[in-house]
Amino acid sequence: MTVMETTSTTRTDSCAGPRQVDRRPDGQDKYTISEVVAFTGLTAHTLRWYERIGLMPHIDRSHTGQRRYSNRDLDWLDLVGKLRLTGMAVADMVRYAELVREGDHTYGDRFELLKATRQDVLSRIAELQDTLAVLDRKINFYADAGHALASERS
């Protein structure tokens, strides 16, 4: 059972972008850890760590004990990757996963967590835009200075 399957919601919490075209159809979507490594770029160590800390606590296993990931697991990993890119703390990602597993009554808490993360991202974007403006000024200065020096030499 996956994180997303532990909740019984009538509305789906779409946690990822569009499906990748090379995925297997639902029902035939049993991926090994090495296949998930290829899909996601994560290491097997990271996938096992995610399982240990509660980000992926319900990965199905084969009769021999090998992990078997589903399309929903890949969708969840896509969301986790996006949350990592936002700079969200691992503890907050684990908390979000716990809230998803707890069910619909946690929508408000999930909303607040994601809203706070969004605000952090917007703040970082503003900082990066300021930094980009400084770089652009410096680049323009050196471009102009280079042209001036070239003109003086001719």
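Basis for what follows: all heavy atoms, side chains included, without hydrogens, waters or symmetry-related copies. None of the values given here were measured: they were computed from a predicted structure.
- In this structure the side chain of Thr32 never reaches within 4.5 angstrom of the side chain of Gln66, judged on heavy atoms.
- Atom CD of Glu35 and atom OG1 of Thr40 lie 11.5 Å apart (nearest 0.5 Å).
- Put simply, the side chain of Thr43 gets close to the backbone of Thr46: a donor and an acceptor are under 3.5 Å apart.
- Closest heavy-atom contact between Leu85 and Arg124: O-NH2, 3.6 Å.
- Proximity of Phe39 to Arg23: side-chain heavy atoms (C-beta onward) are separated by under 4.5 Å at one or more points.
- Between the side chain of Asp29 and the backbone N or O of Asn71 there is at least one donor-acceptor pair closer than 3.5 Å.
- Scanning both residues, Gly54 and Ala97, for their nearest heavy atoms gives O-CB, 3.8 Å.
- A donor-acceptor distance shorter than 3.5 angstrom exists from the side chain of Tyr31 to the backbone of Arg24, with no hydrogens or angles considered.
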**Request:** Under the side chain to side chain contact (heavy atoms under 4.5 Å, CB included) rule, what do Trp49 and Val90 come out as? Steps first, then yes or no, please.
**Result:** CA-CA 11 Å; Trp49 180 65; Val90 172; 3.9 Å; yes
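- For the residue pair Val94 and Ile53, the shortest heavy atom distance occurs at CG1-O, 3.5 Å.
- The shortest non-hydrogen separation linking Pro57 to Arg101 is CG-NH1, 3.2 Å.
- Side-chain contact between Val134 and Arg137 is present, with heavy atoms from C-beta onward closer than 4.5 Å.
- A salt bridge links Asp78 with Lys82: the distance from a Lys NZ or Arg NE/NH1/NH2 to an Asp or Glu carboxylate oxygen falls below 4.0 Å.
- Salt bridge present: Lys30 and Asp60 bring a charged side-chain N and a carboxylate O closer than 4.0 Å.
- Interatomic distance, Asn140 CG to Leu135 CG, rounded to the nearest 0.5 Å: 11.0 Å.
- Under the 4.5 Å side-chain heavy-atom criterion for grouping Ile, Leu, Val, Met, Phe, Trp and Tyr, Phe111 is not connected to Leu79 through any hydrophobic cluster.
- Scanning for ring pair (Phe, Tyr, Trp, His ring centres under 6.0 Å) contacts around Tyr50 gives an empty result, with sequence neighbours left out.
- Looking only at distances, no side-chain donor or acceptor of Asp136 sits under 3.5 Å from a matching main-chain atom of Ala133.
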**Item:** Leu77/Leu55 under side chain to side chain contact (heavy atoms under 4.5 Å, CB included): CA gap, chis, key distance, verdict
**Value:** CA-CA 9 Å; Leu77 286 169; Leu55 273 177; over 6 Å; no
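- The distance from the CG atom of Leu114 to the CG atom of Asp109 is 11.0 Å, given to the nearest 0.5 Å.
- Taking 4.5 Å as the limit, some side-chain heavy atom of Leu47 sits within range of a side-chain heavy atom of Val37.
- Residues Ser70 and Asp73 have side chains that bring a donor and an acceptor to within less than 3.5 angstrom of each other.
- Under the 4.5 Å side-chain criterion, counting only non-hydrogen atoms from C-beta, Arg61 is not in contact with Arg68.
- Classified by interplanar angle (parallel below 30°, tilted 30° to 60°, perpendicular above 60°), the ring pair Tyr96/Trp76 is parallel.
- Between Arg84 and Leu42, some side-chain heavy-atom pair lies under the 4.5 Å cut-off.
- Here the OG1-CE distance, from Thr117 to Met88, works out to 3.0 Å after rounding to the nearest 0.5 Å.
- Using a 4.0 Å cut-off between charged nitrogen and carboxylate oxygen, Arg95 and Glu98 count as a salt-bridge pair.
- Side-chain atoms of Met93 and Thr86, non-hydrogen and from C-beta on, never get closer than 4.5 Å to each other.
- More than 12 non-hydrogen atoms from other residues, nucleotides or ligands lie less than 6.0 angstrom from NE2 of His105.
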**Prompt:** Given the rule in the side chain to side chain contact (heavy atoms under 4.5 Å, CB included) test, do Glu102 and Leu99 qualify, once you have shown the distances and angles that lead to the verdict?
**Reply:** CA-CA 5 Å; Glu102 288 175 25; Leu99 291 169; 4.2 Å; yes
